K.L.:
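The structure under discussion is supplied below as structure tokens; questions concerning it will follow.
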Amino acid sequence: MNFDFSDDQKFLKAEARKFLEANSPTTRVRTVLNDDATPHDAALWKAVGEQGWLGAAIPEAYGGLGLGHLELCVIAEELGRSLAPIPFASTVYFLAESVMLAGDEAQKADILPRIAAGEVIGALATSEGPGVVGPATVGATVSGGWLSGVKLPVTDGGIADLALVLAKENGQAGLYLVDLNGAGVSRETLTTLDPTRDAAKLTFKDAPAQRLGAAGEGFPLLEQVLDRAAVLLAFEQCGGADRALEMARDYALERYAFGRVIGSYQAIKHKLADMYIKNQVARSNAYYGAWALNTSAPELPVAASAARIAACEAYWYAAKENIETHGGIGFTWEMDCHLYYRRSRQLALVAGAPRVWKERLVSHLERRNAA
Amino acid sequence: MDFKDTPEEAAYRAQVRDWLTANAPKHGFPLDTSKPDYMPRAKVWQAEKAAAGYACITWPKDWGGQGGTPVQNVIYAEEEGPYQTPSALFSIGLGMCLPTVMTVADEATKTRFVGPAMRGEEIWCQLFSEPSGGSDVAAVRTRAVRSDDGSGDWIINGQKVWTTGAQFSDYGIIITRTDPDVPKHKGMTMFWVDMRDPGVEVRPIHQMSGGSKFNEVFITDVRVKDSQRLGAVGDGWKVSLVTLMNERLSVSGVRPPGWPAFLDAARATPEAMQDRALREKLADWYVQAEGLRHTRNRTMTALSKGETPGPESSIGKIVLTDYLHDLSSEAVDMLDQYGIIDDPALSPANAAPQAMWVGNPGLRLAGGTDEILRNIIAERVLGLPGDIRVDKDVAFKDMPRGR
Amino acid sequence: MDFSDTPEEAAYRKAARDWLAAHAPKHNFPVKMHEPDFLPRAKLWQAEKAAAGYACITWPKEWGGQGGTAVQNVIFLQEEQPYDAPVQAFTVGLGMCLPTVMTLSDEETKQRFVGPGIRGEEVWCQLFSEPSGGSDVASVRTRAVRAEDDSGDWIINGQKVWTSGAHHADFGIIITRTDPDAPKHKGMTMFWVDMRDPGVEVRPIHQMSGGSHFNEVFLTEVRVKDSQRLGAVNEGWKASLVTLMNERLTVSGGGHANWGQFLQAAREVVGGDGASALQDRALREKLADWYVQAEGLKHTRNRTMTALSKGETPGPENSIGKLVLTTYVQELANQAVEMMDQYGIIADPALTPLRGVLQAAALSSPGSRLAGGTDEILRNIIAERVLGLPGEIRLDKSVAFKDLPTGR
């Protein structure tokens with residue numbers, strides 16, 4: 001039994017934390033929050049690229065570091081903890097993973113080295129309106145290599161270079177690569193609950209598109225991509241949830257009411273204990289997801305669902321109760337509490353809401369425990 | 001048991017309704033709070049109410065009220081509610097500040113202030129909370145010291161926070177520390193202050209939801225006459241209890257959107273409305289909302305019979321904010337990825353769920369955190385002992401404190 | 001990161017598995033605690049384990065253990081669990097009482113008790129809780145006073161409660177109040193007592209679930225020698241911490257209602273619309289939540305195991321276990337009963353899906369939330385020991401025990 005990260009991976013995590021504390025303090029996150037003209041932290045994005053993190057899990061043959069996904073997990077946790085306002089998930093978890101899973105040799109050779117070098121920002125465009133994405137919601141179409149349709153919200157759609165777009169060709173769903181800087185693409189920035197992350201409405205009108213993977217395999221491929229992303233997002237969520245708990249704990253130890261620190265009252269102590277419990281349940285599930293991801297185990301869909309459900313719940317609880325623990329000041333714009341509150345929702349929705357993952361999980365359990 | 005007004009109540013309601021129909025529509029409510037004519041127009045409405053006797057229904061006729069009952073007050077609030085009038089602007093002054101003035105000030109002060117406030121000519125705010133004391137109202141650090149010129153005046157220095165309406169206010173009641181050498185509840189004194197004094201600086205607080213409903217108020221060398229004192233020196237805590245008791249009695253006509261907003265948003269996602277998991281939650285929220293509505297009906301009934309309402313109304317805020325938190329996050333999640341969009345033009349139900357989701361943490365804190373409200377229920381309703389207090393017998397200056 | 005044993009662990013597992021396969025089946029377990037031959041059969045199995053060195057794996061060899069690691073212990077427990085052996089008769093004695101004896105008593109006492117304890121010849125119980133002190137272990141009122149005859153003996157009078165296995169036990173360790181004038185943590189002393197003493201009366205407690213796993217123990221004029229004292233006079237609180245620390249180290253296996261049972265029951269329950277309850281998305285969401293809780297606990301244990309396997313001290317994350325488990329089991333069991341609608345009220349195993357295990361769990365779960373620390377005490381422990389928040393303000397630290405306010 002070795003259900004832990006290696007010493008090298010822990011070292012990487014410690015280095016990542018140091019790096020992000022220096023390069024992504026919440027003062028920098030606030031620049032993105034407050035300034036509509038700054039959709040992400042471009043300097044941090046460049047620096048993260050120089051660290052090699054973008055290509056951590058990309059094979060050396062394609063310009064990456066050729067490390068495993070466990071390394072990516074520890075980086076993800078630190079990105080989540082620091083609220084890094086960069087398109088890392090869109091580019092690495094969604095685009096790079098998709099290309100590694102389903103790309104042909106030419107696509108891999110074209111795209112992966114550019115991702116590793118920090119030259120391409122990715123985006124995944126599946127949603128077209130309110131509600132769960134499924135075969136019935138795909139209105140975008142491809143015909144003769146030209147894609148048309150509208151997608152929103154697309155996380156990082158305003159800054160991305162290359163999008164992976166869910167569309168139908170001859171009635172069959174597929175994932176298509178579209179150059180967002182090319183012809184037939186227009187973008188509109190969206191107002192969202194988390195202004196520290198970019199989101200856009202993308203309108204395609206006969207934009208050149210290239211299919212990723214086999215015809216008609218859009219949804220199976222999307223599920224695979226989402227399973228892998230769910231694990232990495234769960235680590236971001238664990239990082240954020242732990243930071244929210246630390247903030248609440250620190251404040252409870254320094255704030256006095258009625259002559260005592262508020263952390264000496266059971267109402268606050270029990271609240272923080274519950275945050276800790278949820279965070280640990282999330283972390284343990286995330287570790288199992290990491291193992292399944294790294295070994296491409298058949299358990300991955302179940303492990304990823306559990307990791308995502310637990311992480312969504314833990315981050316939501318930690319973020320909202322962190323505000324409550326801070327009292328009125330926690331509700332001000334200047335305190336960092338709301339940055340975690342907002343990010344908890346962004347991460348809970350970006351790969352589909354928990355409700356959807358619960359249904360997927362139980363479907364798997366049902367098959368596994370067949371009568 | 002029935003829900004009907006008594007004949008007297010029905011008559012009062014009919015009279016109120018007629019008056020509102022005749023007078024409210026011409027004002028073009030709701031007013032746009034961002035327009036410069038917001039305040040003058042709000043004041044015109046308040047003056048009109050005052051002239052008709054509806055400004056402070058339960059106050060004695062001597063002071064411009066109707067000498068009416070709490071039930072008549074609630075009836076009026078129910079009838080006025082749909083017109084979306086700007087009454088909130090005056091609620092702190094008329095609900096808390098002026099009742100305090102009327103209870104503890106001398107005749108000249110009362111005569112000076114009550115009429116103009118009732119007619120909406122002057123607006124009041126309440127300067128109680130401080131950065132170091134939110135739940136703990138008595139942890140006041142703003143100092144008032146006697147001026148050393150023998151005038152008997154007081155000089156006030158300090159900072160208040162979470163002051164609603166300070167930016168509009170003409171006057172405020174302020175609680176200060178006058179003796180830091182005695183235990184904290186014993187060394188406070190209350191005054192009224194002129195908010196136009198150059199030593200008073202009002203800065204809006206930027207909330208996480210983006211709005212700025214509250215203010216910080218910095219008070220630097222503000223000189224007040226001893227005649228501005230409300231109550232005896234050192235009796236500030238007792239006087240503040242008068243104010244806070246009035247706060248508890250003020251009936252709010254504002255009802256935040258609840259489960260109907262969820263149903264509204266759900267129209268955009270027919271699949272979600274077929275999801276039994278969401279349907280179960282909707283049923284739970286409905287039951288919470290109805291529980292609150294009928295708890296209010298029980299309170300109304302007690303008022304209508306002239307009885308003191310029972311403690312059951314104290315559950316209101318906890319139940320409401322708890323269920324709204326749950327409801328708004330589910331409503332956002334129901335839209336899946338699309339839920340992140342916070343644009344009234346694009347989001348179902350004009351992004352009401354998103355607005356609720358961002359505003360809720362504040363709703364949970366304002367007017368008492370969940371934790372404080374649970375303590376109040378446990379202690380005042382169920383009779384459990386209070387928390388062990390370490391701040392009762394210690395001189396205020398010797399109390400341990402954080403930042 | 002992987003789930004496989006190290007080569008050494010794998011070798012140990014194989015040896016344990018082979019030994020169990022050779023020895024366990026002939027015992028025809030399970031045997032239930034209320035069956036008359038429970039204790040003799042349990043003792044037989046314990047003796048066999050002791051002879052093979054599997055009774056107390058982590059104990060030093062000189063005391064009959066293997067000098068093994070915590071991981072080896074867990075490996076053996078994992079392998080033993082499927083056989084459903086009646087090991088619970090010995091967990092209190094070997095997990096808590098004898099480690100206390102081994103830490104605090106003289107050589108002669110150790111020689112006398114450790115061997116028979118390990119071999120299952122003698123069963124021990126722990127006499128700590130009292131009616132007036134549940135979460136507050138130190139509020140002991142059972143008195144021990146010196147006999148007036150100068151023998152140095154002590155006379156014990158009082159009442160203990162929630163004593164597991166007292167009806168099977170030969171000996172017990174007991175915490176008593178010897179100085180009521182001292183503050184409460186300073187006036188206690190620990191002894192071992194002979195449970196066959198005529199002054200010891202054991203009465204079963206009838207639980208709300210119908211079972212009787214615990215006892216009340218009444219002690220009337222029980223005379224013990226001063227040599228039966230464990231630790232110094234008035235240092236019983238320190239002695240009890242030795243015992244309770246050992247409690248925290250015992251790894252519990254234990255069956256409880258689980259998501260798999262719920263899933264199976266949901267499949268069997270068909271509603272008025274002809275669909276099984278398993279098709280109800282509201283129940284499916286809950287099932288997903290419970291699965292996530294169960295997996296969270298399983299993998300938290302895996303993290304702890306990994307730390308043990310590396311020879312590190314496990315992190316505090318293991319402290320969440322009981323809270324998470326008992327909370328979700330209570331919710332799951334009650335939801336299962338509700339899922340059966342009117343029929344859910346039937347508790348007859350012959351008529352109920354899964355032979356009524358979920359109904360039984362609905363009744364036993366309130367007790368599980370209490371035993372071994374209430375939810376509230378466990379949250380305090382996490383808040384204080386893990387998160388570093390201050391303890392409650394204590395009014396009982398510097399007051400003479402006899403002057404402390406008490407309830408009934």
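Chain naming here is simple, since letters A, B, ... match the order of the sequence lines and numbering starts at 1 in each. Because the structure is predicted, anything quoted here is derived from the model rather than measured.
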K.L.:
Could you tell me which portion of A:Leu70 (side chain, backbone, both or neither) has an atom closer than 4.5 angstrom to a non-hydrogen atom of chain C?
P.N.:
side chain
K.L.:
Which region of C:Phe3, side chain (C-beta onward) or backbone (N, CA, C, O), has a non-hydrogen atom less than 4.5 Å from a non-hydrogen atom of chain A, or is it both or neither?
P.N.:
both
K.L.:
Go through the steps for C:Arg267 and A:Glu366 under the test salt bridge (charged side-chain N to carboxylate O under 4.0 Å, His left out), then give the verdict.
P.N.:
CA-CA 9 Å; C:Arg267 193 174 261 140; A:Glu366 222 176 343; 5.0 Å; no
K.L.:
Report yes if some heavy atom in the side chain of A:Leu361 is under 4.5 Å from a heavy atom in the side chain of C:Arg284; otherwise report no.
P.N.:
no
K.L.:
Against chain A, label C:Asp289 side chain, backbone, both or neither, depending on which of its atoms sit under 4.5 Å from a heavy atom there.
P.N.:
side chain
K.L.:
Please rank C:Thr6, C:Ile75, C:Leu278 by heavy-atom pairs under 4.5 Å with chain A and give me the top one.
P.N.:
C:Leu278
K.L.:
What's the shortest heavy-atom distance between A:Lys269 and C:Asn380, and which atoms?
P.N.:
CE-OD1, 4.0 Å
K.L.:
Which region of C:Leu387, side chain (C-beta onward) or backbone (N, CA, C, O), has a non-hydrogen atom less than 4.5 Å from a non-hydrogen atom of chain A, or is it both or neither?
P.N.:
both
K.L.:
Taking side chain as C-beta onward, heavy atoms only, is C:Thr300 less than 4.5 Å from A:Val281?
P.N.:
no
K.L.:
A:Tyr288 and C:His299: aromatic ring centres closer than 6.0 Å?
P.N.:
yes
K.L.:
Atom CG in C:Asn302, atom CH2 in A:Trp291: separation rounded to 0.5 Å?
P.N.:
10.5 Å
K.L.:
Might you point out which heavy atoms bring A:Tyr276 and C:Ser319 nearest each other, and give the distance in Å?
P.N.:
CE2-OG, 4.3 Å
K.L.:
Identify which of A:Arg249, A:Glu359, A:Arg360 forms the greatest number of heavy-atom pairs closer than 4.5 Å to chain C.
P.N.:
A:Glu359
K.L.:
Do A:Arg283 and C:Arg303 make a side-chain contact, defined as non-hydrogen atoms from C-beta onward lying under 4.5 Å apart?
P.N.:
yes
K.L.:
To the nearest 0.5 Å, what is the distance between CZ on A:Phe3 and NZ on C:Lys298?
P.N.:
9.0 Å
K.L.:
For chain A, find which of C:Arg379, C:Glu295, C:Met305 contributes the most heavy-atom pairs closer than 4.5 angstrom.
P.N.:
C:Arg379
K.L.:
Between C:Ala383 and A:Ala273, what is the shortest heavy-atom contact and its length?
P.N.:
N-CB, 4.4 Å
K.L.:
What's the spacing between A:Ser284 OG and C:Ile320 CD1 if we round to 0.5 Å?
P.N.:
6.0 Å
K.L.:
Does atom NZ of A:Lys10 have more than 12 heavy-atom neighbours from other groups under 6.0 Å away?
P.N.:
yes
K.L.:
Identify which part of A:Ser264 has an atom lying under 4.5 Å from any heavy atom of chain C, answering side chain, backbone, both or neither.
P.N.:
both
K.L.:
Can you say whether C:Glu376 sits under 4.5 Å from chain A via the side chain, the backbone, both, or neither, judging by heavy atoms?
P.N.:
both
K.L.:
Out of curiosity, A:Gln266 CD to C:Glu392 CD, how far, rounded to the nearest 0.5 Å?
P.N.:
4.0 Å
K.L.:
Kindly compute the distance separating CD (C:Gln261) from CG (A:Asn369), expressed to the nearest 0.5 Å.
P.N.:
11.5 Å
K.L.:
Tell me the closest heavy-atom pair linking A:Ile309 and C:Ala288, and the distance in Å.
P.N.:
CD1-CB, 4.3 Å
K.L.:
Can you name the nearest heavy-atom pair linking C:Pro390 to A:Gly263, along with the distance?
P.N.:
CD-O, 3.5 Å
K.L.:
Where on A:Leu245 is there a heavy atom nearer than 4.5 Å to chain C: the side chain, the backbone, both, or neither?
P.N.:
side chain
K.L.:
Nearest 0.5 angstrom please: A:Arg260 CZ to C:Ile393 CD1, how far?
P.N.:
3.5 Å
K.L.:
Give a yes or no on this: more than 12 heavy atoms of other residues, nucleotides or ligands lie within 6.0 Å of atom CZ of A:Phe11.
P.N.:
no
K.L.:
Less than 4.5 Å to any heavy atom of chain A: does that hold for the side chain of C:Glu317, its backbone, both, or neither?
P.N.:
both
K.L.:
Highest number of heavy-atom pairs under 4.5 Å with chain C: which of A:Asp274, A:Thr295, A:Asn294?
P.N.:
A:Asp274
K.L.:
Without swapping roles, check the side chain of A:Asn285 against the backbone of C:Val292 for a donor-acceptor pair under 3.5 Å.
P.N.:
yes
K.L.:
At their closest point, which heavy atom of A:Tyr287 faces which heavy atom of C:Met1, and how far apart are they?
P.N.:
O-SD, 3.6 Å
K.L.:
Run the side chain to side chain contact (heavy atoms under 4.5 Å, CB included) check on A:Asn2 and C:Lys310 step by step: do they pass?
P.N.:
CA-CA 8 Å; A:Asn2 181 18; C:Lys310 290 184 182 169; 3.6 Å; yes
